[in-house]
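The figures here come from the full heavy-atom set of this structure, side chains too, leaving out hydrogens, waters and symmetry mates.
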Amino acid sequence: QRFSARVVEWEAILGGMASGALHVGSRQPTGEPVWITPKVQHGGFVVPGVHMAGGELMEHELKMAERLHYEAEPAELRRRLNEYFASTPAGLAELEELVDSGCYLVQAPEEAALLCTTLMLRRNATSGAKESQAVFEEIRPWFSKLRFFPQPAMQPVATGAEVSVATVQDVKTALCRVQQRSAENQYTKMRNSIL
């Protein structure tokens, strides 16, 4: 299934290159705003129309929609969820609670946009309102395609310079495995077949 998804993505990439819709090497390869995080395939090729904060509705979006009694097509559902957080007192209160608790996950930069507007408003009511309004004007046309709110989490994500992802022994073991595999990786096989 993952392989077929890659094939479809590469077909979109090659089709976009052939039609001129995809400008390889450009800062805006698909012509969309530069702040939108596209999905990128191996080699740095942008998959046209596929965004890190987009795609199918995620489980937390479906749960939120159920909790709010929203029923609609996926694009309309995403738009309504974004509007809920951007413009309703209850949605804004939820964002405030997420900011205060730190109990959220952000997997793409866009998912932090409404959290950031909350912080702007908190920092300075007058200039924060202007900044927030500018952000809303920029992102609102994308409300049906992209997720601008984070995924709630059970506990805050650890931050700071003292976070350890693995022990020294774990890293050493992993590096030894990589070194052993390097002789058999795809790049080496291709290189050896050419030489």
> Could you walk me through whether I13 and Q41 pass the side chain to side chain contact (heavy atoms under 4.5 Å, CB included) check?
CA-CA 9 Å; I13 291 168; Q41 265 297 357; 3.8 Å; yes

> If you look at every heavy atom in L98 and P150, which pair is closest and at what distance?
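Looks like CD1-CG, 3.9 Å.
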
> Under 4.0 Å between a side-chain nitrogen and a carboxylate oxygen: does that hold for R6 and E9?
no

> Okay, side chain of R79, backbone of R140: is any donor-acceptor separation there less than 3.5 Å?
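Side chain of R79 to backbone of R140, a donor-acceptor pair under 3.5 Å: no, none is there.
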
> Decide whether W35 and V135 are clustered together by the hydrophobic rule: side chain heavy atoms of Ile, Leu, Val, Met, Phe, Trp, Tyr closer than 4.5 Å, transitively.
yes

> For the hydrophobic clusters of this structure (ILVMFWY residues joined by side-chain heavy atoms under 4.5 Å, transitively), does one cluster hold both V106 and L119?
yes

> Please find the pair of heavy atoms, one from Q28 and one from E32, that lie closest to each other, and give the distance.
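Result for this residue pair: NE2-O, 2.9 Å.
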
> Contact between E110 and W142 at the side-chain level, heavy atoms closer than 4.5 Å - yes or no?
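A side-chain contact under 4.5 Å is absent here.
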
> Relative to each other, are the rings of F148 and F143 parallel, tilted or perpendicular (30° and 60° limits)?
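Because their plane-to-plane angle lies in the 30° to 60° range, the rings of F148 and F143 count as tilted.
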
> Which ILVMFWY residues can you reach from V34 by hopping between side chains whose heavy atoms are under 4.5 Å apart?
none

> Quick check: does any side chain N or O of R78 sit under 3.5 Å from a backbone N or O of K145, one acting as donor and the other as acceptor?
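The answer is yes, because a donor-acceptor pair under 3.5 Å joins these two groups.
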
> Looking at residues at least two apart in the chain, or sitting in another chain, which of them share a side chain to side chain donor-acceptor pair (under 3.5 Å) with W10?
none

> Can you name the side chain to side chain donor-acceptor pair (under 3.5 Å) partners of R80, sequence neighbours left out?
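Partners of R80 under the side chain to side chain donor-acceptor pair (under 3.5 Å) test: none.
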
> I'd like to know if L114 and L68 are part of one continuous hydrophobic network [Ile/Leu/Val/Met/Phe/Trp/Tyr, side-chain heavy atoms within less than 4.5 Å].
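Yes; L114 is reachable from L68 via cluster members.
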
> Shortest non-hydrogen contact from L77 to L57?
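What the structure gives for the nearest pair is CD2-CD1, 3.6 Å.
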
> Are I139 and L115 connected into the same hydrophobic cluster when the rule is that any two of I, L, V, M, F, W, Y join if their side-chain heavy atoms are below 4.5 Å apart?
yes

> Can you name the nearest heavy-atom pair linking F45 to V24, along with the distance?
CE2-CG1, 4.2 Å

> Of all residues at least two apart in sequence or in a different chain, which pass the side-chain contact (heavy atoms from CB on, under 4.5 Å) check with T173?
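If we apply the side-chain contact (heavy atoms from CB on, under 4.5 Å) test to T173, skipping adjacent residues, the hits are Q169, R177.
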
> Under the side-chain contact (heavy atoms from CB on, under 4.5 Å) rule, collect the residues that match up with Q151, sequence neighbours excluded.
M58, H60, L105, Q107

> Identify the heavy atoms of P38 and M52 that sit nearest to each other, and give their distance.
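In terms of heavy atoms, the two residues are closest at O-CG, 3.6 Å.
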
> Can you tell me how far apart CG (N82) and CD (E61) are? Round to the nearest 0.5 Å.
8.0 Å

> Suppose we screen for side-chain contact (heavy atoms from CB on, under 4.5 Å). Which residues come up paired with R67, at least two apart in sequence or across chains?
M64, Y84, E94

> Answer yes if M17 and V47 sit in the same cluster of Ile, Leu, Val, Met, Phe, Trp and Tyr residues linked by side chain heavy atoms under 4.5 Å apart, and no otherwise.
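Yes, M17 and V47 fall within the same hydrophobic cluster.
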
> Report yes or no: does T30 contribute a side-chain atom to a donor-acceptor pair with the main-chain N or O of P48 at less than 3.5 Å?
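It does not hold such a pair.
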
